[in-house]
Amino acid sequence: MSRKKTVDEELSARLSRRGMLGVGAGLGAAALLGLGTGQAAAHGGGHGHGHDHGHGHGHGGGVPALPKGRLGIQLYSLRDKVASLGFAKVFDELERFGYDEVEYAGYTQGTGSLTLPQLARLARDHGLKGIGSHVNYYDDNNPDAYSFAQNLEKVLDDAQTLGLPHIGTASGPFRYGDTVDAWKRAAADFNKYGAAARRRGMKFYQHNHGDEFRFASDQPHVRLYDVLLAETDPDLVFLEMDIYWAYTGQFRFSKTPDGKPAPFEPLDYVLKQPHRYPLFHVKDGTHDELASDGYDMTDVGDGDIDYLSFLTAVNHRTRDARRAHHWQVEHDNPVDSLLFAQKSSAHLHSLREKKHR
C-alpha cells in the first residue's frame, strides 16, 4: 500500500513538473483561439468545431496559415495507388499537387521491387522529402517481426538509408496493458528506442489514436497520455499528434469512469510543450454526437475541425514554429485517394491566418 502511494506521488510530481494538463484543464486553448468559456462549453467543452470551422473564412490575402515547405502526406492514405501505380506515378501526382514531404507506411509497391536507395532517390527527384515512417511497436509472437521491439537496428538501418529525420510508430503503448505501471514500462521502451534513434541523428516519435486519452484501469483519475508524456524523456521521445484522433479522444474521455468532468483540449498539449510535437496528422471529420468516436472521417476541408485556428495558434507559439512543425494530411479510407490528396493540399494552401492577439 505504501509503495503504491509512493509511485502515485512520484507520478504526480512528474506530471506537475512537466506541465501536463491532467483531467482538470481544457479551456486554455479556447481562450487563445478567441473563444470565451461559454462559447467553448456550447461546443461540447472545447471540441474542435465551431460555426465557421476555419472553412470559408481566412481565405484570400494575408499570411498563409500553412508554413512554406511543410506540407506532407501519410502514404497510408494512398496505399491503393502505391499498390496499383507504384511510387513513381504517385510521387508525380504529389509533386503536381504541391506537396513537400511524404511519411512512409511501408516501403513496397505493387508494380515491381524497389530498393530503399532507389525509393529515396525517387522521392528527391520529385522534390519530396521523406519526413518519417510508421513502423510497428512490437509483435511479441514473432521474433522476426519488423518492429521496434523485435528488430530495432534493422528498423533504424532502413530509416537511415532513406535519410529520414524521424522514425516512429502508430502503435498504442498498450504492450503491457492499460495500467499506470504498464505504461511506465512502455515509456521505458520508447526511451530506449529514442536513445538509439538519437545516436543515428534521428528522432523517435509516437502517433496517437483516441485510446491514448483514456484513463488507467487501476487509477481511473489518471489519463494514460499524461503518463506517457511524464515518463518519457522529452529529449528522446517525440509525438506526432493526429489531431482528428485527439478530438475523438476528447469526445470519448472528457469524463472519468465514475462520471466526473475531466475536460481537456488537444491543442493545449502542443502549446505546453511545442518542441515535443515536430509532426502532425491533419485529418478531418464531421462532428456527430451519435457516432462512437464523435466524428465521421472526411476529406480535409470538408469537416468541422478548425485547422485555421489550430495552425495559427501553433505558428505563433514559438519564434521558430513555422520551421519546427510538419503537417501530414491523412484519410484512413478516402473514396478517391488522389482526389483526397489534391483537395487537401488546395484547402490547406488556401488558408490565411486570422489576426493573432
One pair to check against side-chain contact (heavy atoms from CB on, under 4.5 Å): L128 and E101. What are the steps and the verdict?
CA-CA 5 Å; L128 298 169; E101 303 169 342; over 6 Å; no

Compute the ring centroids of F213 and F264, then answer whether they are less than 6.0 Å apart.
yes

Using only atom types and a distance under 3.5 Å, with no angle test, would you say the side chain of D288 pairs donor to acceptor with the backbone of D296?
no

Ring centroids only, cut at 6.0 angstrom: are F148 and F190 within range, meaning strictly under it?
no

A side-chain contact here means heavy atoms from C-beta on lying under 4.5 Å apart; do R323 and P67 qualify?
no

Heavy-atom closest pair (L229 atom, Y277 atom, distance to 0.1 Å) is CD1-OH, 3.9 Å

Determine whether K81 and K89 make a side-chain contact, defined as any pair of heavy atoms from C-beta on separated by less than 4.5 Å.
no

Looking only at the side chains, is there a donor atom on one of Q74 and H207 sitting less than 3.5 Å from an acceptor on the other?
no

Measure the shortest side-chain to side-chain distance between D218 and V180 over non-hydrogen atoms and say whether it is less than 4.5 angstrom.
yes

If you apply the rule salt bridge (Lys or Arg N to Asp or Glu O under 4.0 Å), what do you find for K154 with D158, and how did you get there?
CA-CA 6 Å; K154 172 61 175 170; D158 290 350; 3.1 Å; yes

I need the minimum non-hydrogen distance between N136 and S171, along with the two atoms involved.
CA-OG, 3.8 Å

Using the rule given for side-chain contact (heavy atoms from CB on, under 4.5 Å), can you reason through R79 versus Q109, listing the C-alpha separation, both sets of side-chain angles and the distance that settles it, and then say yes or no?
CA-CA 9 Å; R79 61 194 182 278; Q109 59 184 5; over 6 Å; no

Hey, could you give me the CG/CG distance between L339 and D299, rounded to the nearest 0.5 Å?
6.5 Å

How long is the gap from CG on L75 to CD on Q328, to the nearest 0.5 Å?
9.0 Å

Please report the C-alpha distance between E93 and Q342 in whole Å, then the side-chain angles of each, then the deciding distance to 0.1 Å, and finally whether the side-chain hydrogen bond (donor to acceptor under 3.5 Å, both in side chains) criterion is met.
CA-CA 8 Å; E93 295 301 294; Q342 183 179 29; over 6 Å; no

Would you say the side chains of T232 and R276 form a donor-acceptor pair under 3.5 Å?
yes

Mind checking whether L66 and V282 sit in one hydrophobic cluster, side chains of I, L, V, M, F, W, Y counted as touching below 4.5 Å?
yes

Between the side chains of D181 and T179, does any donor sit under 3.5 Å from an acceptor?
no

Taking every non-hydrogen atom, the tightest pair across L156 and M202
O-CE, 3.7 Å

Tell me if a side-chain donor or acceptor on D293 pairs with a main-chain N or O of Y295 at a distance below 3.5 Å.
no

Short question: side chain of T256, backbone of K260 - any donor-acceptor pair under 3.5 Å?
yes

Do L71 and L94 share a hydrophobic cluster, counting only Ile, Leu, Val, Met, Phe, Trp and Tyr and linking them when any side-chain heavy atoms are less than 4.5 Å apart?
yes

Within the 4.5 Å heavy-atom criterion, are Y138 and Q150 side-chain neighbours or not?
yes

Do F251 and S292 come within less than 4.5 Å of each other through their side chains, counting heavy atoms only?
no

Distance flag, aromatic centroids of Y244 and Y247, threshold under 6.0 Å:
no

When rounded to the nearest 0.5 Å, the distance separating CD of E240 from OG1 of T169 is 10.5 Å

Please confirm whether the backbone N or O of S309 pairs with a side-chain atom of D306, one donor and one acceptor, at under 3.5 Å?
yes

For the side chain of D100 and the backbone of K129, is there at least one donor-acceptor N/O pair under 3.5 Å apart?
no

Same cluster or not: are Y205 and V135 linked, directly or through other Ile, Leu, Val, Met, Phe, Trp or Tyr residues, by side-chain heavy atoms under 4.5 angstrom apart?
no

Does Y225 have R223 sitting over its ring (NZ/CZ under 6.0 Å from centre, angle to axis within 45°)?
no

Are the charged groups of K272 and D268 less than 4.0 angstrom apart, N to O?
no

Let me see the working for I131 and H166 under side-chain contact (heavy atoms from CB on, under 4.5 Å), right down to the final yes or no.
CA-CA 6 Å; I131 196 65; H166 308 88; 3.9 Å; yes

State, yes or no, whether a side-chain contact exists between H325 and P278 at a heavy-atom distance under 4.5 Å.
no

Closest non-hydrogen atom pair, G86 against T111:
CA-OG1, 3.3 Å

Indicate, with yes or no, if L279 and V329 share a hydrophobic cluster defined by side-chain heavy-atom contacts under 4.5 Å among Ile, Leu, Val, Met, Phe, Trp and Tyr.
no

Within the 3.5 Å criterion, strictly below it, is a donor on D178 or S217 matched to an acceptor on the partner's side chain?
yes

Distance from S77 atom OG to H331 atom NE2, nearest 0.5 Å?
8.5 Å

Measure the spacing between CG of D233 and CG of N191 and express it to the nearest 0.5 Å.
5.5 Å

Looking at D235 and R198, is there a salt bridge between them, counting it only when a charged N and a carboxylate O are closer than 4.0 Å?
no

Can you list everything that forms a side-chain contact (heavy atoms from CB on, under 4.5 Å) with D189? Sequence neighbours excluded, please.
Y137, R175, Y176, Y193

Let's go through Y269 and D226 carefully: what are the C-alpha distance in whole Å and the side-chain angles of both, what is the deciding distance for side-chain contact (heavy atoms from CB on, under 4.5 Å) to 0.1 Å, and is it a yes or a no?
CA-CA 10 Å; Y269 281 104; D226 292 344; 2.7 Å; yes

Can you name the one residue among R317, E353, R352 that meets side-chain contact (heavy atoms from CB on, under 4.5 Å) with T312?
E353

Check: W183 ring centroid to F174 ring centroid under 6.0 Å
yes

Are the side chain of S345 and the backbone of A341 linked by a donor-acceptor contact shorter than 3.5 Å?
no

Taken to the nearest 0.5 Å, the spacing of L267 CG from F310 CZ works out to 4.5 Å

Measuring only between side-chain heavy atoms, which start at C-beta, is K343 closer than 4.5 Å to D302?
yes

Flag, side chain of D284 to backbone of I305, donor-acceptor distance under 3.5 Å
yes

For H281 together with H134, are the ring centres under 6.0 Å from each other?
yes

Same apolar cluster: W245 and L224, side chain cutoff 4.5 Å
yes

Where S133 and Y107 come nearest, the two heavy atoms and their spacing:
OG-OH, 2.8 Å

Is the shortest side-chain heavy-atom distance between L311 and W327 below 4.5 Å?
yes

Shortest non-hydrogen contact from G210 to T248?
CA-OG1, 3.8 Å

Taking atom types as modelled, is there a side-chain donor on H209 or D242 under 3.5 Å from an acceptor on the other?
no

